[in-house]
Amino acid sequence: STDTTWVVERVSTGILQCASADDAANTTAPHAWRFSSHTVIRARRIAGLERMFDADPELAALTADLMEEVRQLRQRLASR
């Protein structure tokens with residue numbers, strides 16, 4: 001599992017977003033943060049990319065976003 005330090009670093013740099021108010025990362029303790037299921041899936045993908053390819057966090061986040069966009073485009077094409 002992904003440790004708290006990893007999550008705190010990614011939230012503080014804006015790679016991950018809390019599901020609550022935009023300033024949740026600044027006003028609440030990490031143990032009180034809440035994340036959407038989409039963000040959890042994205043975090044797992046980012047962590048995997050960082051681990052597998054020793055990727056920079058920002059590059060891993062960009063790659064995860066592009067992977068999600070490709071998945072969505074393929075779904076749209078398949079539904080035509």
Side-chain angles (χ1 to χ4, degrees):
S1 80
T2 306
D3 70 352
T4 304
T5 303
W6 186 92
V7 174
V8 169
E9 288 172 358
R10 299 319 176 270
V11 169
S12 68
T13 59
I15 291 172
L16 297 175
Q17 301 294 319
C18 293
S20 53
D22 290 339
D23 63 344
N26 297 324
T27 60
T28 61
H31 70 274
W33 291 349
R34 299 294 176 256
F35 299 93
S36 69
S37 58
H38 172 58
T39 301
V40 172
I41 292 167
R42 184 171 179 271
R44 287 180 179 160
R45 185 171 287 138
I46 291 168
L49 290 165
E50 287 181 23
R51 206 172 26 255
M52 279 191 289
F53 300 106
D54 193 28
D56 177 78
E58 288 82 14
L59 179 59
L62 175 62
T63 303
D65 291 344
L66 291 173
M67 291 168 69
E68 178 61 21
E69 188 169 333
V70 167
R71 185 192 66 74
Q72 290 173 356
L73 290 171
R74 286 182 176 157
Q75 275 185 330
R76 285 176 40 192
L77 283 172
S79 67
R80 286 185 172 203

Novice: Out of curiosity, Glu58 CD to Thr63 OG1, how far, rounded to the nearest 0.5 Å?
Specialist: 11.5 Å
Novice: In Å, rounded to the nearest 0.5 Å, how long is the span from CD of Glu9 to OG1 of Thr4?
Specialist: 11.0 Å
Novice: Considering non-hydrogen atoms only, spot the tightest contact between Ala19 and Ser36 and give its length.
Specialist: CB-N, 3.7 Å
Novice: Give a yes or no on whether the backbone of Phe35 and the side-chain of Thr39 come within a donor-acceptor separation of less than 3.5 Å.
Specialist: no
Novice: Is it true that Arg71 and Gln75 share a donor-acceptor pair across their side chains at a distance under 3.5 Å?
Specialist: yes
Novice: Is Leu62 reachable from Ile46 through a run of I, L, V, M, F, W or Y residues, each pair having side-chain heavy atoms under 4.5 Å apart?
Specialist: no
Novice: Would a hydrophobic clustering, with Ile, Leu, Val, Met, Phe, Trp and Tyr connected at side-chain separations under 4.5 Å, put Leu49 with Leu16?
Specialist: no
Novice: Does Gln72, at its CD atom, have more than 12 non-hydrogen atoms belonging to other residues, nucleotides or ligands within less than 6.0 Å?
Specialist: yes
Novice: Which of these passes salt bridge (charged side-chain N to carboxylate O under 4.0 Å, His left out) with Glu68: Arg45, Arg74, Arg42?
Specialist: Arg45
Novice: Go through it in stages, so that I can follow the logic: the residues are Val8 and Trp33, the test is side chain to side chain contact (heavy atoms under 4.5 Å, CB included), and I'd like the CA-CA distance, side-chain angles, deciding distance and then a yes or no.
Specialist: CA-CA 10 Å; Val8 169; Trp33 291 349; 4.1 Å; yes
Novice: Under 4.5 Å between side-chain heavy atoms, counting indirect links through other Ile/Leu/Val/Met/Phe/Trp/Tyr residues: same cluster for Ile41 and Ile15 or not?
Specialist: no
Novice: Looking at every non-hydrogen atom in both residues, tell me the closest pair between Glu50 and Ala60 and how far apart they are.
Specialist: CG-CB, 3.7 Å
Novice: Do Met52 and Trp6 share a hydrophobic cluster (ILVMFWY, side-chain heavy atoms under 4.5 Å, transitive)?
Specialist: no
